[in-house]
Amino acid sequence: MADTMTVADLETRLAIYRMMQEGRLFEKRAHDLFLEGLVKGTSHLGIGQEAVAAGFAAAMRSDDMVFCTYRGHVHTLLRGAPMAALMGELLGRATGICGGKGGSMHLTDVAHHAMGSYAIVGAHMPIAAGAAWAAQARGTGQVAVCFFGDGTTNIGAFHEALNLAKIWELPVVFVCENNLYMEYTAIADVTAVEHPAADRAAAYGLESILIDGNDADVVHATAVRTIERARSGGGPSLVEAVTYRHGGHSRADPGKYRPDEEVADWLSRDPVPAYAERLIADGADRETVQGIDRDVQAAVDAATEEAKAAPFPDPDTLDTELWADGGSAWRN
Amino acid sequence: MADTMTVADLETRLAIYRMMQEGRLFEKRAHDLFLEGLVKGTSHLGIGQEAVAAGFAAAMRSDDMVFCTYRGHVHTLLRGAPMAALMGELLGRATGICGGKGGSMHLTDVAHHAMGSYAIVGAHMPIAAGAAWAAQARGTGQVAVCFFGDGTTNIGAFHEALNLAKIWELPVVFVCENNLYMEYTAIADVTAVEHPAADRAAAYGLESILIDGNDADVVHATAVRTIERARSGGGPSLVEAVTYRHGGHSRADPGKYRPDEEVADWLSRDPVPAYAERLIADGADRETVQGIDRDVQAAVDAATEEAKAAPFPDPDTLDTELWADGGSAWRN
Amino acid sequence: MAELTYREAVARAIAQEMERDPTVFFLGEDVAAAGGVFKTTEGLLERFGSERVRDTPISEQAIIGAAMGAAMNGLRPIAELMFSDFFAVCWDLVANQIAKARYMTNGQVALPLVIRTANGGGVRFGAQHSQSVETWMMAIPGLKVVVPSTPVDLIGLMAAAVRAPDPVIVVEPKVLYATKGEVPDGEVVDELGVARTVRNGEDVTVVALGAMVPKAIDAAGHLAQEGISADVIDLRSLVPLDVRSILGSVERTGHLVTVEENPRLCGWGAEVASIVADEGFFALDGPITRVTTPHLPLPAADVLEDAAIPSVERIVEGVRRAVS
Amino acid sequence: MAELTYREAVARAIAQEMERDPTVFFLGEDVAAAGGVFKTTEGLLERFGSERVRDTPISEQAIIGAAMGAAMNGLRPIAELMFSDFFAVCWDLVANQIAKARYMTNGQVALPLVIRTANGGGVRFGAQHSQSVETWMMAIPGLKVVVPSTPVDLIGLMAAAVRAPDPVIVVEPKVLYATKGEVPDGEVVDELGVARTVRNGEDVTVVALGAMVPKAIDAAGHLAQEGISADVIDLRSLVPLDVRSILGSVERTGHLVTVEENPRLCGWGAEVASIVADEGFFALDGPITRVTTPHLPLPAADVLEDAAIPSVERIVEGVRRAVS
Ligand SMILES: Cc1ncc(C[n+]2csc(CCOP(=O)(O)OP(=O)(O)O)c2C)c(N)n1
Ligand SMILES: Cc1ncc(C[n+]2csc(CCOP(=O)(O)OP(=O)(O)O)c2C)c(N)n1
Ligand SMILES: [Mg+2]
Ligand SMILES: [Mg+2]
């Protein structure tokens, strides 16, 4: 489709590049902080997959809703969530976007319509459909965009959500980030079809859409088309974007189950520098691009310092916000 | 496919006819007993769908395993389960096949490889896959045949079971009895594709098989082919057999949500008398056919009397058979 | 004042709230065109239209997920799970998602939604369509749970549930659908978390819930003839739990008997007993007795099911034992 | 004798049983080639081959359904649920199918299968990967549930579970994976349903489970310095429940404290308390105290998670309160 597609203007593409770089540098820093032992628990990075997140983020309206997974730092950030508050959540600080209650797997910023990072595979797909249902019912014109992985295509919730979304023609775009692996197992080893999402679209009366998830322009064009379809009442879409995570599944994983050549090959197609070079070739001046890199790095540095300086949560906040009254009483 | 298919010999077809009649007359009697108030709770009849059950039953090896639903009286009976014990279970007697503990929705006869009637939609599909996995692992040559309805194709377990069955190439045949309705809702109103099972086969790397479920010869030929494929290591199949239940979903349901013409049309294609006439046209003598009808009616009458004469369960059996030691102790 | 069946009360309650608030939507299997398999929602489709009253596929994860997502984006959905046993096929959405979303996000996500369901035994449906699962939900932090035992309570508690800013599970004992009760005209709204003393007594506190309430009242009648006066409390709500009413009664009676339809282990009665054995210990004059369904699946045959679910006789015996 | 980590004990236990019985198969997500995400099953694929040690898709309903079906047809499967929170996505197979199959069929179906899972908090994974769900299973008739607290108990109880003719859930507190313990050479086989007194005392009975056991022992040490002697029982098994050991201890001590990692409502401690408040009532010299995680989802930040899960300090306070 790359040839027939309309590529966005340079300004938009520079904005996409900035987003990719924000995701990249934010997560590189997050990784460093894990190594320093400042981030407890686990964490799942999207380094290598930024083109999918940025291509879609740039195509959304400010009130469109994003639903993502534990691998959702970048998706949440690109909705406009304050970087320091996200970093603070990773560091378990009181200033964290969820006050420290969520952690790395649950970054959420409802104010920016980042409707949650979900850690149970598949669960957020029917939830995203429900948010889209409310948008349809209330006529808000919002679209829900739901990101999930290749491995998620084999769980029941995937099936139920897609069927419901189609029969109700809901304004939701389901985006499968196919990074070829579930945790440590190749998706090809556990899936009855070659393209876990695209080859199943027909089972839900949907168009089969398979794209290069490392090409931000392709992703953006697909995002514009599918989001526009959803907003205009054309119903849901299922997009499979093939990409790759540069690191392991989570901090605990060195990713050794992947053939060296495969890793090397994908690293050579790192979407961030590749996009920079393409933009320069298309007329952006190198200085502008490098300026973006500098700005973003400065923003990440500032956010890191702010988060590190923040206090840890007051233990008294443990029993707050279970209920809408702010408390957690189960008895009188 | 009817033209290219090989039709079984007359003897086999008469055996199939006998099975259809057994199912029909057994369930008609069951229905009468409900009206007499002798069957408590609920019940779901397969009257009108007998060609699917008989066509498959006739193609199975004695140790092949059947998994069915609450609408599973006929499937269980045709494995060879004693009629009086099935009737006894419907009547809640001590002599019931499950001692009264199962009831109409849970007829099971493991001795005849009727591995259970399951009342939670979809649950038995992965279970059937598991039984097939054991057959494969132990090299028993058994095939599992799993019957389910059209409405079941929209639940998560359907999706998970089919994918697993295919990637492990399990000897299981999934048979969707598409009777056009879930409970009171038309399947077409809640499904993203026209043929709820056949149009989804490709999502699991399977052949799309859509057949006339009211034609016992077509069903039998399909059963022979798919069971043989499974037994010979060719992996799972998904069959969609289009049929119709003459009555409502369950005893509580008059089935008024169905257009009169639709009901009339299907009643005019009642598989049981139609098959009798076809066999006679193909050379069976009417006397033989009528003899089968008489024998079956006599068997149903005898089973009914035996079941009615049986005692109710001893309340002391309430706490037996939770555990393999025969008891149900949770403490010392 | 009108006399309604519990079944009719369900439709009345939902209609009252849909009438009042246009953001209240209702979805489930066979609930619209067919009016529900228990005929509890007849007339709602005709009255509120197919946008707000929706038939769904057999996809409980999608039903409950849709309700959650809709609640996150401005609706107040009521989702039906036809039989409470089906919580098992969407338990992740209920226990891991709906119950935890607000807390995990430190209050960013509000989930004003209701899940209503037909619960419990007594209708010979067998083990997979007869469970009392109210304690499954009670055990999950983040869910509120009510179990009305009369038509008027059903309407009032359903209304309170719909108006609540938190997720509430409304558990309807299916054996009560045919029972009748007086319902005042006009709007009926109740309060979550408040138990009700349905019979006053001095010798023993009997705490019951849902379908066990009428049986407990019956038992109290028999016991009165033996000179045992029972204070019968209809718990009505498991979360929030009206601990004060229970302790207050036990302080007066010195004896506690819980009557649960759920299987024995970890039932709500165990929680109530553990609270009283702590905070009410010095008021107790004797052992705490729990009357429950034995720790078994429910059998289908009527003789067996009747032997399993607490009967008036077993409640009477339990109380005798407690006060002896 | 060798010193093993709890993590190593898992692979040792499974290998012991697969070696002994060719019908024992093992399946789960990332369990074969990768050796498990907690590295608990390393080496099993190499040793027993890809027929018997199987990687699955992310399809928990299929995993548990496959285990059930396989158990119905001659295998003795061990299924892994990577995190116990994932019981929620296959709860129907566990609670409605596996637990009820034998009873519903009056004994026709035998299900000799094991489901093992990493359970509980303390590792900062947040609300959806940290739950203690052992009481979910305890509440379902037809499931046996064990929670080993040491490497040797893990091996012995896993072996007993695999050999049992009934479905058994083996709950592994993930915070214990790195802990070490002595394990005798050769076959280790234990018995289901037997608690163990891990410290003898006279003043108070402390009943703990899983990851709470080492904390309870610690607490008993501190209490001894205050002259309070605690009888500490490692429950080890929830179903069957060793009621005799608990009552026997309370008869001597007159005081009961339960220590639960699960959220408060309807935890196993409530069941134990209700039993003692009935059968052990006259032996009690004071209120029964439950130390539990508050009725909340678990937060991710270490400060908050540490404030939630029972600590040695909170156990000490709980006991002080009980005996005061
Ligand atoms: C229901 C469920 N099963 C298993 C897991 C454990 N788990 C977490 S991430 C993951 C792999 C998911 O793979 P994929 O969908 O491809 O997403 P990716 O991590 O590659 O982005 C698994 C199995 C889970 N969180 N939820
Ligand atoms: C998980 C689940 N959801 C809902 C039900 C209630 N229910 C019982 S039968 C049925 C309809 C099933 O339709 P279909 O699969 O077409 O089978 P049929 O009854 O037509 O044979 C429903 C919704 C159930 N038993 N299990
Ligand atoms: Mg992946
Ligand atoms: Mg149907």
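In what follows, chains carry the letters A, B, and so on, assigned in the order in which the sequence lines appear, proteins first and then strands, with residues in each chain numbered from 1. What you see is a predicted model, and the numbers here were worked out from it, not measured in a lab.
What you find for B:Asn163 and D:Pro57 is that their closest heavy atoms are ND2-CG, 3.7 Å. Smallest separation of non-hydrogen atoms from B:Trp133 and D:Ala66: CE3-O, 3.9 Å. In terms of heavy atoms, D:Asn106 sits closest to B:Gly99 at ND2-CA, 3.8 Å. Nearest heavy atoms, B:Val110 versus D:Val109: CG2-CG2, 3.8 Å. For the pair B:Ile127 and D:Met72, the tightest heavy-atom approach, listed with the atom from each and the gap, is CG2-SD, 3.8 Å. Closest heavy-atom contact between B:Ile120 and D:Asp92: CG2-OD1, 3.4 Å.
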B:Leu164 and D:Ile63: side chain to side chain contact (heavy atoms under 4.5 Å, CB included), yes or no, with the steps?
CA-CA 9 Å; B:Leu164 189 80; D:Ile63 293 168; over 6 Å; no

Worked verdict on B:Cys98 versus D:Met104 for side chain to side chain contact (heavy atoms under 4.5 Å, CB included):
CA-CA 7 Å; B:Cys98 300; D:Met104 288 197 306; over 6 Å; no

Full working for side chain to side chain contact (heavy atoms under 4.5 Å, CB included) between B:Arg138 and D:Asn73:
CA-CA 9 Å; B:Arg138 294 169 52 226; D:Asn73 193 30; 3.4 Å; yes

Could you please spell out the steps behind the side chain to side chain contact (heavy atoms under 4.5 Å, CB included) verdict for B:His106 and D:Thr105?
CA-CA 7 Å; B:His106 299 295; D:Thr105 61; over 6 Å; no

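Only the side chain of D:Leu27 comes within less than 4.5 Å of a heavy atom of chain B; its backbone N, CA, C and O stay farther away. Both the backbone and the side chain of B:Ile97 have a heavy atom closer than 4.5 Å to some heavy atom of chain D. Proximity to chain D involves both the backbone and the side chain of B:Thr320, based on heavy atoms less than 4.5 angstrom apart. When heavy atoms are compared at a cutoff of 4.5 Å, B:Gln136 approaches chain D solely by way of its side chain, counted from C-beta outward. Proximity to chain D is absent for every atom of B:Leu162, based on heavy atoms less than 4.5 angstrom apart. Of the atoms belonging to D:Leu192, not a single heavy atom falls under 4.5 Å from chain B. Of the two parts of B:Met65, only the side chain, counted from C-beta on, holds a non-hydrogen atom closer than 4.5 Å to a non-hydrogen atom of chain D. Heavy atoms closer than 4.5 Å to chain D are found nowhere in B:Ala128, neither backbone nor side chain. When heavy atoms are compared at a cutoff of 4.5 Å, D:Asn96 approaches chain B solely by way of its side chain, counted from C-beta outward. For chain B, no part of D:Lys100 is nearby; none of its heavy atoms comes within less than 4.5 Å. Using a 4.5 Å cut-off between heavy atoms, D:Gln97 contacts chain B through its side chain alone, with no backbone atom that close.
Per-residue heavy-atom pair counts under 4.5 Å with chain B were compared for D:Gln61, D:Arg244, D:Arg52, D:Arg102, and the maximum is reached by D:Arg102. By number of non-hydrogen pairs under 4.5 angstrom with chain D, the leading residue of B:Gly103, B:Gly96, B:Pro126 is B:Pro126. Across D:Lys144, D:Glu51, D:Met68, the residue that shares the most heavy-atom pairs under 4.5 angstrom with chain B is D:Lys144. Ranked by heavy-atom pairs under 4.5 Å with chain B, the list D:Ala67, D:Gly74, D:Ala71, D:Ala164 is led by D:Gly74. Chosen from B:Ser328, B:Ala123, B:Ala129, the residue pairing most often with chain D at heavy-atom distances under 4.5 Å is B:Ala123. Between chain D and the residues B:Tyr118, B:Phe67, B:Trp330, the largest count of heavy-atom pairs under 4.5 Å involves B:Trp330. Put simply, of D:Pro165, D:Gly193, D:Ala101, D:Ala62, the one with the most heavy-atom pairs under 4.5 Å next to chain B is D:Ala62.
Of the inter-residue distances, the one linking D:Leu93 atom CG with B:Glu160 atom CD reads 8.5 Å to the nearest 0.5 angstrom.
Annotation: D:Tyr103 is not in aromatic contact with B:Trp323 [ring centroid separation under 6.0 Å not met].
The stretch residues 269-276 of chain D places D:Glu271, D:Ile275 near chain B, each with some heavy atom under 4.5 Å from a heavy atom of that chain.
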